[in-house]
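Start at 1 and go down the list; that is how both ligands and their atoms are numbered. FYI, side chains are in, hydrogens and waters are out, and symmetry mates aren't considered; it's all heavy atoms of this structure.
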Amino acid sequence: MRIRGFFRQVADIFRVQEDQPDLIRAQVNALSRQIPLMYFLLTANALALSYTHYGAASDTMTIVIPAILSAVFFCRAIVWIKAGDKVDDLAADLMQLRRIRLVALIISVISSVWAVNLFSYGNPYQQGHVAYSMSITVVGCILCMLHFPPAAFIVVGVVLGSFVVHFGLSGNDVFVAIAANMALVSVVIVQIIRSYYAAFSELIASRRVLEEQHRTTQELSNQNRQLAHRDFLTGLANRRDFFHRLETMLAGADDTTRFAVAVIDLDGFKPVNDVHGHMVGDDVLVQAGQRLVTLSGGTSYFARLGGDEFGLIVDHYGNEADLTLLGQALCDVMKVPFETAGGPVHLSCSVGFATYPAVARTPTGLFERADFALYHAKKNNPGSPVLFAARHESLIRQESGIEQALRSADLDAELSLNFQPIFNLLDGTVLVNEALARWHSPVLGRVAPDVFFPLAEKTGQIGDLTRVLFEKLLVAMATWPDVERAAFNLSAQDITSLDRTQWLLERIHDHGLAPRRITFEITETALLRDFDAARQSIETLRQSGARVALDDFGIGYSSLRLVHELEFDSLKIDRSFTAPIARNPRSQRIVKTVFDMCDTMGIRCVVEGVETAEQRDILMQFGCRYAQGYFFAHPAVQPVFDNLTTLSSWRSNIAHGL
Ligand code: C2E
Ligand code: CA
Ligand code: CA
């Protein structure tokens, strides 16, 4: 067993290790640089020996054999130089190593036989040269093949073996000493080769580990980069990726580049979250994302920009009509009800487009213009696409002019209040005077509240406006008869800030007014901005005795949950339902339904925007009690109070009308 084990160990020494491809590659690499040098050394040493022995030995020994050997060495060197360290596959590398082993064996045997034979021809000097030449050749070859021990060991075994045997048996003390010396040196050399090779393979192995670690780190950082650019919920690209992509597209744009950016916003999504909860809301967003991708057949780039807003980059389209068609298709696909755990959800979407290079040449420029077009779609044609056009550009400029004027405005001097009464249709008394803001800018002249309030919300100036206007109302009310009431409009920011609510109540208190004399009007859309904060504000206001009205009912989400969960004192049906009421049975039915609902819930119902006697009469027939509109009174600097003249003219009006 031991003997077999020993032979196996010996055989292992000469075996090519096949299981480590990178080690094999590194070996072939190192050898390809060193082996040509080795052949140079062998050629030089063979020529030197043949030179010193020329004449002493036969021509075959000193000319023919060295010439053949040199030619072989030269050819092999050329082959190696030509091969360089080009990357072959593993099989080719293995073949190469096996070939080196074989060539090393053949050359060692031939060279040793030749050298040992030469030895017998020469004088002691020449014999010394042979001994010297064999030893340094062996050491040189081993150094050149340090990276491939099987070949190095073959050289040591064959050359030194024959050397030691031959010299050891020569009977000459000097040569015996040299042989013993060489045997010792061989042992040391073998040991050095082994430890060098162990260090070399360890180095290669640790390099492999490092490379693997590097690869893993690289993969992780790729994954991280991917995650940083993905929207977690929908799996689409996220806002960051959207802008990154726009930047890349613009950086690579030339004269022929044309593409369009679209911003898509779901209409009616917010109440889905409020009514059905966030799980259903998330589900709808995921489905919406899938619909977008499916619609484009997976070819267009979609991103979720945040909330219920999506972005799209269209880089192949013919003309603007194509974009409108695409936008319409997007809107249509969103109109199909979403099946959710909370039941079917009905939504629509609006789309704004901006084209490159016609509309803007920067990512933010394109996005802002697409967003502006979206804002117009939502305002004027919800559920449809709008392409940013030249007229929008002038609107943007106009708006930014208004924003600037508002920023530098002396609010106290430029803002004022008009009052418009809400009447009790049955007896002609004034229920309340609604305070309506007026802004007269020295730069722009009169600016409509519909225009400047949304801008003030956008720029964050709304708080200042509310404070100035409310203060003006309180000052005005100090001069009113004690029984007269006012209504004051609050913006979304006012109603979602508890500080602002507290401030309003403090000011009422400081002016010594009874809170019940003031009704705060709040729109549905304002409530939906932050439902819980709005609920808290409404409760605080009502607890103080102030009243709260739901304004513009019917044009927002008209969610019953709002009316059900929040306690309102009154509800104002939006004026858009009043205008067609004489002709449109649908409007009539809606208004009637709201009246009934208010009756059931015990809250007052006010109809806005009554402009004609006909509208008033129809409304009265439906049981309408409170109304406001140009027919009764336009907003005016002076509020309208009950007095005998107004009441008697009222009665005659009613008698005449009915
Ligand atoms: P709103 O609260 O719905 O106010 C009623 C608007 O309808 C007023 O427009 C009023 O002039 C107009 N109106 C009244 N009767 C009729 C009518 O018979 N027909 C028509 N077509 N319109 C009528 P105004 O004063 O331009 O105000 C527009 C909006 O600006 C208001 O709508 C309100 O949302 C906002 N607003 C006005 N003043 C304030 C304020 O002090 N604070 C806040 N946050 N918003 C205000
Ligand atoms: Ca109002
Ligand atoms: Ca209103």
Side-chain angles (χ1 to χ4, degrees), residues 379 402 406 411-412 414-423 431-440 446-474 476-477 485-497 500-501 504 518-527 529 534 537 547-556 558 568-582 594 604-616 619 626-637 639-640:
K379 207 163 114 190
I402 298 173
L406 195 60
L411 294 179
D412 205 36
E414 295 173 30
L415 287 176
S416 61
L417 285 176
N418 269 5
F419 295 97
Q420 189 184 27
I422 297 174
F423 284 100
L431 176 72
V432 52
N433 273 285
E434 180 179 2
L436 293 163
R438 297 292 174 257
W439 175 31
H440 188 269
R446 289 204 177 283
V447 184
D450 280 342
V451 174
F452 69 81
F453 273 110
L455 292 181
E457 282 251 10
K458 202 168 100 190
T459 59
Q461 260 190 298
I462 192 80
D464 298 337
L465 266 71
T466 302
R467 278 187 281 272
V468 169
L469 291 164
F470 195 58
E471 206 64 45
K472 283 181 187 289
L473 173 68
L474 296 176
M477 283 181 79
R485 295 179 182 151
F488 185 77
N489 292 285
L490 290 182
S491 72
Q493 271 185 35
D494 296 326
I495 197 64
T496 48
S497 143
R500 193 77 50 79
T501 322
L504 292 167
I518 299 179
T519 303
F520 290 100
E521 296 194 1
I522 301 160
T523 61
E524 276 182 302
T525 22
L527 290 173
R529 162 102 48 108
S537 296
R547 296 170 187 202
V548 180
L550 181 57
D551 202 358
D552 297 352
F553 185 78
I555 54 164
S558 313
F568 293 107
D569 298 278
S570 51
L571 181 153
K572 293 178 87 177
I573 301 182
D574 189 70
R575 55 185 184 275
S576 56
F577 292 93
T578 318
I581 199 149
V594 181
R604 274 197 189 110
C605 186
V606 180
V607 180
E608 297 181 334
V610 180
E611 293 183 352
T612 65
E614 195 187 11
Q615 290 167 350
R616 178 204 57 186
L619 288 166
Y626 302 98
Q628 185 184 30
Y630 295 163
F631 176 69
F632 308 108
H634 278 263
V637 178
V640 179

> Using the ring of each side chain (for Trp, its six-membered ring), is Phe423 parallel, tilted or perpendicular to Phe632, with breaks at 30° and 60°?
Replying inline: tilted
> What do we get for Ala437 next to ligand 1 when only non-hydrogen atoms under 4.0 Å count, side chain, backbone, both or neither?
Replying inline: both
>> Evaluate Phe631 for polar contact with ligand 1, using N/O atom pairs at a separation under 3.5 Å.
In response: no
> Looking at Gln493 and Glu457, what are the two nearest heavy atoms and their distance?
Replying inline: NE2-O, 3.2 Å
> Hey, which atoms in ligand 1 end up nearer than 4.0 Å to a heavy atom of Glu611?
Replying inline: 17 (C), 18 (O), 19 (N), 20 (C), 21 (N)
> At the Ca ion (ligand 3), what is the angle formed between atom OD1 of Asp552 and atom OE1 of Glu608, rounded to the nearest 10°?
Replying inline: 100°
> What residue and heavy atom of the protein are closest to atom 11 (O) of ligand 1, and at what distance?
Replying inline: Pro635 CG, 3.2 Å
>> Please give the atom name: the N, O or S atom of Asp551 nearest to the Ca ion (ligand 2).
In response: OD2
> What are the atoms of ligand 1, with element, lying closer than 4.0 Å to any heavy atom of Asp450?
Replying inline: 28 (C), 29 (C), 30 (O)
> Taking all non-hydrogen atoms of both residues, which atom of Pro449 and which atom of Arg438 are closest, and how far apart?
Replying inline: CG-NH1, 3.5 Å
>> I need the atoms of ligand 1 closer than 4.0 Å to a non-hydrogen atom of Gln420, numbered in the order shown.
In response: 10 (C), 14 (C), 15 (N)
> If you look at Glu521, which of its N/O/S atoms is nearest to the Ca ion (ligand 2)?
Replying inline: OE1
>> We want to know whether Asp552 and Thr523 form a side-chain donor-acceptor pair, criterion being a heavy-atom distance below 3.5 angstrom.
In response: no
>> For atom 13 (N) of ligand 1, which of the options Phe520, Phe470, Tyr630 provides the nearest non-hydrogen atom?
In response: Tyr630
> Which heavy-atom pair separates Phe568 from Leu527 by the least distance, and what is that distance?
Replying inline: CZ-CD1, 3.7 Å
> Going by the order shown, which atoms of ligand 1 are within less than 4.0 Å of some heavy atom of Asp551?
Replying inline: 2 (O)
>> Donor-acceptor check, side chain of Lys472 to backbone of Asp412, threshold 3.5 angstrom: yes or no?
In response: yes
> Any donor-acceptor pair under 3.5 Å linking the side chain of Gln628 with the backbone of Gly609?
Replying inline: no
> Under 4.0 Å from atom 34 (O) of ligand 1, is there any protein heavy atom?
Replying inline: no
>> Less than 4.0 Å from atom 18 (O) of ligand 1, is there any heavy atom belonging to the protein?
In response: yes
> Of all the heavy atoms in Arg438, does at least one lie under 4.0 Å from an atom in ligand 1?
Replying inline: yes
> What protein heavy atom sits nearest atom 26 (O) of ligand 1, and how far off is it?
Replying inline: Pro449 CG, 3.3 Å
> Once you round to the nearest 0.5 Å, how far does CG of Asp551 lie from CD1 of Ile573?
Replying inline: 12.0 Å
>> Which option wins on minimum heavy-atom distance to atom 32 (O) of ligand 1: Gln615, Gln628, Arg575?
In response: Arg575
>> Please give the atom name: the N, O or S atom of Glu434 nearest to the Ca ion (ligand 2).
In response: OE2
> If you measure from the Lys or Arg side-chain nitrogens to the Asp or Glu carboxylate oxygens, is any gap between Lys572 and Glu434 under 4.0 Å?
Replying inline: yes
> Can you find a pair of side-chain heavy atoms, one from Val606 and one from Leu571, that are under 4.5 Å apart?
Replying inline: no
>> Using a 4.0 Å cutoff against the non-hydrogen atoms of Asp552, which atoms of ligand 1 qualify?
In response: 3 (O)
>> Taking 4.0 angstrom as the limit and counting only heavy atoms of Glu434, give me the atoms of ligand 1 inside it, by number and element.
In response: 2 (O), 4 (O)
>> To check you understand the geometry: which heavy-atom pair defines the closest contact between Arg500 and Gly463, and what is its length?
In response: NH1-CA, 3.5 Å
> Of the listed options (Asn489, Thr578, Thr523), which comes nearest to atom 43 (C) of ligand 1 when hydrogens are ignored and any heavy atom counts?
Replying inline: Asn489
>> For Val637 versus Phe419, what's the shortest heavy-atom pair and its separation?
In response: O-CD1, 3.3 Å
> Under a 4.0 Å heavy-atom limit, does Leu465 contact ligand 1 with its side chain, its backbone, both, or neither?
Replying inline: neither
>> Below a 4.0 angstrom heavy-atom separation, can you tell me which part of Asn418, side chain or backbone, both or neither, approaches ligand 1?
In response: neither
> What's the spacing between Met477 CE and Arg485 CZ if we round to 0.5 Å?
Replying inline: 9.5 Å
>> Has Asp574 got a side-chain atom pairing as donor or acceptor with Phe553's backbone, closer than 3.5 angstrom?
In response: no
>> Is the ring pair Phe520/Phe488 parallel, tilted or perpendicular, if the boundaries are 30 and 60 degrees?
In response: perpendicular
>> Heavy-atom pairs closer than 4.0 Å: do any link ligand 1 to the side chain of Glu608, the backbone, both, or neither?
In response: side chain
> For atom 40 (C) of ligand 1, which protein heavy atom lies nearest, and how many Å away is it?
Replying inline: Phe453 CZ, 3.2 Å
>> To check your reading of the model: name the closest protein heavy atom to atom 4 (O) of ligand 1, its residue, and the distance in Å.
In response: Leu436 CD2, 3.5 Å
> Counting backbone and side-chain atoms alike, does Thr523 have an N/O/S atom under 3.0 Å from the Ca ion (ligand 2)?
Replying inline: no
> Short list, please: which atoms of ligand 1 are under 4.0 Å from a heavy atom of Leu490?
Replying inline: 44 (N)
>> Quick one: does any side-chain atom of Ser537 pair with a main-chain N or O of Ile495 as donor and acceptor, under 3.5 Å?
In response: yes
> If only atom types and distance count, is the side chain of Gln615 paired as donor or acceptor with the main-chain N or O of Thr612 below 3.5 Å?
Replying inline: yes
> Any heavy atom of Gly609 sitting closer than 4.0 Å to ligand 1?
Replying inline: yes
>> List ligand 1 atoms under 4.0 Å from Leu469, heavy atoms only on the residue side.
In response: 41 (O)
